[in-house]
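Each chain gets a letter, A, B and so on, in the order its sequence line appears, and its residues count up from 1.
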There are 2 protein chains.
Amino acid sequence: MMENSIKATSGAAGIFSKIRAAIINGEYTFNERLPSERDLAEQYGVARGTVRAALDQLERAHMVRKKFGSGTFVCYDTRFEHEDIAEETSPLELIETRLAIEPHIIRLVVSNANNREIRKLEEALENVLHARQDPNSFSSADEAFHLTLANCSQNPLLIWMYQRINDIRSHTQWSHRKNNILTRDKIDYYNDQHTELVRAIIRRDMDSAVGRMTEHLRQAKKDLLGQIPL
Amino acid sequence: MMENSIKATSGAAGIFSKIRAAIINGEYTFNERLPSERDLAEQYGVARGTVRAALDQLERAHMVRKKFGSGTFVCYDTRFEHEDIAEETSPLELIETRLAIEPHIIRLVVSNANNREIRKLEEALENVLHARQDPNSFSSADEAFHLTLANCSQNPLLIWMYQRINDIRSHTQWSHRKNNILTRDKIDYYNDQHTELVRAIIRRDMDSAVGRMTEHLRQAKKDLLGQIPL
DNA sequence: ATAGATTGGTATAGAATTGGCACATTAAAT
DNA sequence: ATTTAATGTGCCAATTCTATACCAATCTAT
């Protein structure tokens, strides 16, 4: 029988769509914590179990992530809602794009960077060298290091494009693979390449610097391909 | 707006959102020092540890940078958040960025393009060859030709980035210079390069194709520099 | 150059909050 | 009558928040 009343789908499904709408609507933003299950229950006038069922559905829909003892967090980024680029970019395609941009960034850095920028670069190198403990902190420092390189290019458009690359890099799609790829040995190897790269830049050795960056990314590409089951 | 915005996201995630909003809002500007952790704690009515947790999140998001004994500083530049990249990109910087991306696009095209895409490329070549009448129509056809090349790379991210380049190209404040640069002779010269480029791609001659594209853009850069009064 | 104030870094323990879970009850649909 | 879904309650376990105290780096004023 048709029920014409505003009363939406009852029960968990109704709460599910309400919270979902609130997230898409931007009422709850990326990485923000939702109210507790008890609060949500009171707010929507339902039992806590119902809220839990709705949140479970949202978790299966990859819109929220529950953390025991902590809360329920939004893992849905409206920034990428319109730019579905992040969704449809594979790790391989990302590396391929970095392979296009970063070697040329190095060219600009070698020919344009002044002492002040070199210092910032050395600082970023120090940071990434000291971030050997775990894959996450290394990955974060690595992003910052490469972004610093882009900043040294002095080209706003290239910087902007590299920021977009970093956005996609940190978009969590394949981050779970990091732990497989970034072993302690790999981190040290990448850091050797980082060190040699900065030295070449300081020497203003264009060919060596560009070559090191290209090799660096080719290696990353190779490591990534090794992860894909054939 | 309803008073429905009870939001009041509690905890570190809430403080994180509030401070982030203040930074994006411009309340704290680039390189400015935030209030001390103790002050922020009092200001938001939470414990200092909670503020520290929020600041750590902000640091991981590359929005602030902490300095031992000194303070916490904003390292988020609102200049790059706005979509006015087009405004602040000079013709030279645009060419420099194309010089980074397009030769590598050619690499991918030579190794990946199938017959169907080659046909589309020949079609785009035909269009640009026939657009010799005036600078505007040539410029438009030239944009389409290079975008077709990007499409043949099969890489969504590269295609997306080249679309952004084309946005800026057509936006530009220097379009009036086109009439000075794009003489009839120049147009024919560029089109010769276009033709040779496509032939090299069809021959699957990687070195020649990449070289032609690089030379093409170097020439465009040179022509542009010739226009800038010294 | 020195001393005091300010700042971030760290550690600790207890209180409060949060999600996970079990169980009995109620209501509605089949 | 049986099944299914939502409710209400109570408790557990993981995490976070709070409130302190103290350390170490930096800045400022003398």
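- For F68(B), taking side-chain heavy atoms from C-beta onward, the closest of the listed nucleotides dA6(D), dC21(C), dA24(D) is dA24(D).
- Protein atom CZ of R65(A) is 13 Å distant from nucleotide atom P of dG19(C), rounded to whole Å.
- At whole-Å resolution of the value, CD in E37(B) and P in dA25(D) are 16 Å apart.
- Within the 4.0 Å cut-off from OP1 or OP2 of dG8(C), not a single side-chain nitrogen or oxygen of S70(B) is found.
- The aromatic rings of H194(A) and H146(A) lie perpendicular to each other, with more than 60° between the two planes, well past the 30° mark.
- Taking atom CD1 of I15(A) as the reference point, atom P of dA6(D) lies 10 Å away to the nearest angstrom.
- At the heavy-atom level, G49(A) lies nowhere under 4.0 Å from the strands shown.
- When the nucleotides dG10(D), dT18(D), dG8(C) are ranked by their closest atom to the side chain of R48(A), dG10(D) comes out on top.
- In this structure, the OH atom of Y44(B) is 14 Å from the P atom of dT18(D), given to the nearest Å.
- Residue T97(A) forms a side-chain contact (heavy atoms from CB on, under 4.5 Å) with just one option from L158(B), I159(B), L108(B), and that option is L158(B).
- Atom CG of D56(B) is separated from atom C1' of dG9(C) by 10 Å (rounded to the nearest Å).
- Separation of the Y190(A) and H216(A) ring centroids falls under the 6.0 Å cut-off.
- Comparing atom distances between the A47(B) side chain and each of dG19(C), dG8(C), dT18(D) picks out dT18(D) as nearest.
- Heavy atoms from other residues, nucleotides or ligands lying under 6.0 Å from CD of E42(A) number 12 at most.
- Distance NZ (K67(B)) to C1' (dA24(D)): 16 Å, rounded to an integer number of Å.
- In terms of position along DNA chain D, the nucleotide closest to R38(A) lies nearer the 5' end than the nucleotide closest to the other residue of the pair R38(B) and R38(A).
- Taking a cutoff of 4.0 Å between a charged side-chain nitrogen and a carboxylate oxygen, K222(B) and E215(B) do not qualify as a salt bridge.
- Contact between the side-chain N/O atoms of T72(A) and the OP1/OP2 oxygens of dG19(C) is found at a separation under 4.0 Å.
- A12(B) comes within contact range of the sugar-phosphate backbone alone, with a heavy-atom separation under 4.0 Å but no base atom that close.
- With distances taken from any side-chain atom of R33(A) to the nucleotides dT18(C), dT18(D), dG19(C), the minimum falls on dT18(C).
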